[in-house]
2 protein chains.
Amino acid sequence: MKFTIQRDYFINQLNDTLKAISPRTTLPILTGIKIDATDNGLVLTGSDSEVSIEITIPAELNHEQIVMIQDKGSIVLPGRFFVDIIKKLPAADVTIDTNAQFQAKITSGQSEFNVSGLNPDQYPLLPQVSEDSVITLPVKVLKNMIRQTNFAVSTSETRPVLTGVNWVIQDNVLSCTATDSHRLALRRLPLENNTIENINVIIPGKALNELNKIISDEDESVDVFFASNQVLFKVGHVHFISRLLEGNYPDTSRLFPESYETSLTIDNHEFFHAIDRASLLAREGGNNVIKLSTASEHVELSSTSPEIGTVKEEVKTSKFEGQELKISFNSKYMMDALKAIDNSDVNVEFFGTMRPFILKPQDDDNVIQLILPIRTY
Amino acid sequence: MKFTIQRDYFINQLNDTLKAISPRTTLPILTGIKIDATDNGLVLTGSDSEVSIEITIPAELNHEQIVMIQDKGSIVLPGRFFVDIIKKLPAADVTIDTNAQFQAKITSGQSEFNVSGLNPDQYPLLPQVSEDSVITLPVKVLKNMIRQTNFAVSTSETRPVLTGVNWVIQDNVLSCTATDSHRLALRRLPLENNTIENINVIIPGKALNELNKIISDEDESVDVFFASNQVLFKVGHVHFISRLLEGNYPDTSRLFPESYETSLTIDNHEFFHAIDRASLLAREGGNNVIKLSTASEHVELSSTSPEIGTVKEEVKTSKFEGQELKISFNSKYMMDALKAIDNSDVNVEFFGTMRPFILKPQDDDNVIQLILPIRTY
């Protein structure tokens, strides 16, 4: 194998490939990046066996030569170490030339590295995902959906299904649900131009996080392919494959009550920052609990910690309906939920002091954040 | 005590005061910031008993009111927690009002905190430094001197004096020396406008690091006062006091040989980056050792690690005198030394394969970096 490539472009693609690679792996070859020089260009593969990333570097892009392949072939090179070398090389181009013993000679300017690689035949085959069940999403929408739900997945392995996000397609509506059993985030999206069979899968939260980092706002759309135990995201030259979590996701639909006892509309920014300040004291006190009590034209937030002190915040409400209410909540859950609501006005609906309450953007039912209160009153 | 202060200005001064405060302290009151409201303005004090910082906030600055003091008095407030509160408050001003039980009411906009403070009488008194022995340095020069020597102090407590920088004033020349016994950094500065008695002190490297972070390029000059066991740096409204290290600093003057066997001049930038690349492999191999061998018009750098691979770099020399030479060194020490040499051309003088070599900016003897080689050839 021998090729010469534009170093800056190579670095960007290598960095994305690295995102699939974990330094802690049971299979040592997976700490490496597989490089295939083919007729179609260069293919980079990284995998931690849960998530795999495959990036194709075309020979030309916008009539500019990116990579010149002199000899076809494959090798696996030590991931992070190889990328560090490429980053620090002195010239604009780098040439990589491998021999039959999987030694790679890397040259750029007056710099020459000889690095031991591994036999690419020992690299595991990537799962093949059939391209039958596909939906196409704008990149911005996908990134938003991940941002609005992913934070609510469980970080505990006690119930593994809760570490993923439940993607359900039914009647041409995609619903993404995440919950750690203390709070829940739901995002719905009508799929206008897709006719697809019903789907119900659980995608690991970690994989969605990595996907979110890799897909760039410059790309327009993402194709998502669902298979029985894998999901494939195709965006530009990148193929991102994640295994699905096994098991049944809990039915969360019954969590949403019908009619509220108390409803208010409040400025997202002001509410968020008042909670952020009150949480300083709540956190210092060790419990993160903030009390909220309603009045006709504002809410009062407070927190008390006997050793440290007290805090009191007032935030105006623009609408208030129903009964007066006192309720306590975890400040972090509330701030996460408010961040997931893009609208500047937030509707908060309460169903009593002991029951979960929900937050929604004003006049939009496609984002719902649900939080369990804490018993203090 | 009661005062109202511009919040942004307050935050900056609090952040600087925090730099003296360590969360790990044997004296709990030292996790706090002492605030004195006086006729001259507000005085903030932070200390970890090794380093103390005292910042005076004047009532007015450039005809603009910064702080309005309604009642004089003092309090100690919990350092980091208090600063976090001030940072997040909603309005441009903040008012702090304390009572006789050392409770502080902090108000800004619709936000109100009540925080428990401590009795300022229990705060240790800052050391008094007599202002007899003083030198004045331009801020830029002081910052450079710290940058050019401080990295070479020892991080091991085996020989405590080596964790400091030896400041010696003799015959109106200030010499700063740091060594960890593997390499040494020396910076000399003629003191043209100072007539000062001879001085020989050891300033802790950590204190100089903090000082470097606090003094800003906007300030023009620093006054340095030496006492028997303290040093005081006065810059703008900031007083920075550090204890001195006790003990005798080793005599390092005999380390510098008279005449070289080999001398070369090389481009700083190219030499640094070639070593940086070679060190990738040297580090991966676990020993950080790079070999250098001279030729008439270039040096060759190389490193080998049997499992991982090899690297070879060539860097042109602009001048070469004396005998051919092969020598090995620790890549980190070499890169640290090159960073401390501001000149684009570096003179390297060797005194044989087994003896320390030195690096200097071309045509400047006021910065000398000395490195012990590693025996490999």
Side-chain angles (χ1 to χ4, degrees), chain A residues 77-78 80-91 94 101-118 267 269-285 298-316, chain B residues 77-78 80-91 94 101-118 267 269-285 298-316:
Chain A
L77 288 170
R80 189 158 298 280
F81 177 51
F82 175 65
V83 180
D84 284 346
I85 291 173
I86 302 299
K87 279 182 189 164
K88 296 200 167 181
L89 288 173
V94 51
Q101 288 74 47
F102 305 111
Q103 293 284 321
K105 185 161 93 175
I106 305 165
T107 46
S108 177
Q110 294 304 304
S111 181
E112 178 186 315
F113 280 82
N114 280 281
V115 173
S116 306
L118 292 168
D267 183 85
H269 183 84
E270 284 183 26
F271 197 34
F272 178 87
H273 286 286
I275 295 170
D276 189 22
R277 284 189 294 275
S279 76
L280 279 178
L281 199 121
R283 210 165 50 217
E284 197 80 4
H298 68 265
V299 295
E300 189 179 296
L301 299 164
S302 65
S303 187
T304 301
S305 175
E307 300 273 298
I308 298 152
T310 62
V311 56
K312 204 174 71 190
E313 297 276 344
E314 264 183 36
V315 188
K316 272 186 304 215
Chain B
L77 288 171
R80 188 158 298 279
F81 177 51
F82 175 65
V83 180
D84 284 346
I85 291 174
I86 302 299
K87 278 183 190 164
K88 295 200 167 180
L89 289 173
V94 51
Q101 288 74 48
F102 306 110
Q103 293 284 322
K105 185 162 95 175
I106 305 164
T107 47
S108 177
Q110 294 305 304
S111 181
E112 179 186 314
F113 281 81
N114 281 280
V115 173
S116 305
L118 292 168
D267 183 85
H269 182 82
E270 283 181 27
F271 195 34
F272 178 88
H273 286 287
I275 294 170
D276 189 20
R277 284 190 294 274
S279 77
L280 280 177
L281 198 122
R283 212 166 48 219
E284 197 80 4
H298 68 265
V299 295
E300 188 179 295
L301 298 164
S302 64
S303 187
T304 302
S305 175
E307 300 273 297
I308 296 151
T310 61
V311 56
K312 204 174 70 191
E313 297 275 344
E314 266 183 34
V315 187
K316 272 185 304 218

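Below, read A as the first sequence line, B as the second, and so on, with proteins coming before strands; counting in each chain starts at 1. Hydrogens, waters and symmetry mates are skipped; everything else that's a heavy atom, side chains included, is used.
Residue with the most contacts toward chain A among Arg277(B), Glu314(B), Lys312(B), Glu313(B): Arg277(B) (heavy-atom pairs, distance under 4.5 Å). Looking only at heavy-atom pairs under 4.5 Å with chain B, the residue among Leu280(A), Leu281(A), Thr304(A) that has the most is Leu280(A). Per-residue counts of heavy-atom pairs under 4.5 Å with chain B were compared for Lys87(A), Glu112(A), Gln103(A); the largest is that of Glu112(A). Contact count versus chain B (heavy atoms, under 4.5 Å) is highest, among Ser111(A), Ser305(A), Gly309(A), for Ser111(A).
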Review point. Under the side chain to side chain contact (heavy atoms under 4.5 Å, CB included) criterion, do Phe81(B) and Ile308(A) qualify, and how do the steps go?
Key: CA-CA 10 Å; Phe81(B) 177 51; Ile308(A) 298 152; 3.3 Å; yes
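Around the NZ atom of Lys88(A), the shell of radius 6.0 Å holds more than 12 heavy atoms that belong to other residues, nucleotides or ligands.
Contact annotation for Pro78(B): neither backbone nor side-chain heavy atoms come within less than 4.5 Å of a heavy atom of chain A. Proximity to chain B (any heavy atom under 4.5 Å) is shown, for Leu89(A), by both the backbone and the side chain. Only the backbone of Glu307(A) has a heavy atom closer than 4.5 Å to any heavy atom of chain B. Only the side chain of Glu284(A) comes within contact range of chain B, judged by heavy atoms closer than 4.5 Å.
Side-chain contact between Ile106(A) and Ile86(A) is present, with at least one heavy-atom pair separated by less than 4.5 Å.
The distance from atom CG of Leu301(A) to atom CG of Asp276(A), rounded to the nearest 0.5 Å, is 11.5 Å. Separating the OG atom in Ser279(B) from the CG atom in Asp84(A) is a distance of 9.5 Å, to the nearest 0.5 Å.
Within the 3.5 Å criterion, the main-chain N or O of Ala91(A) finds a donor-acceptor partner in the side chain of Ser108(A).
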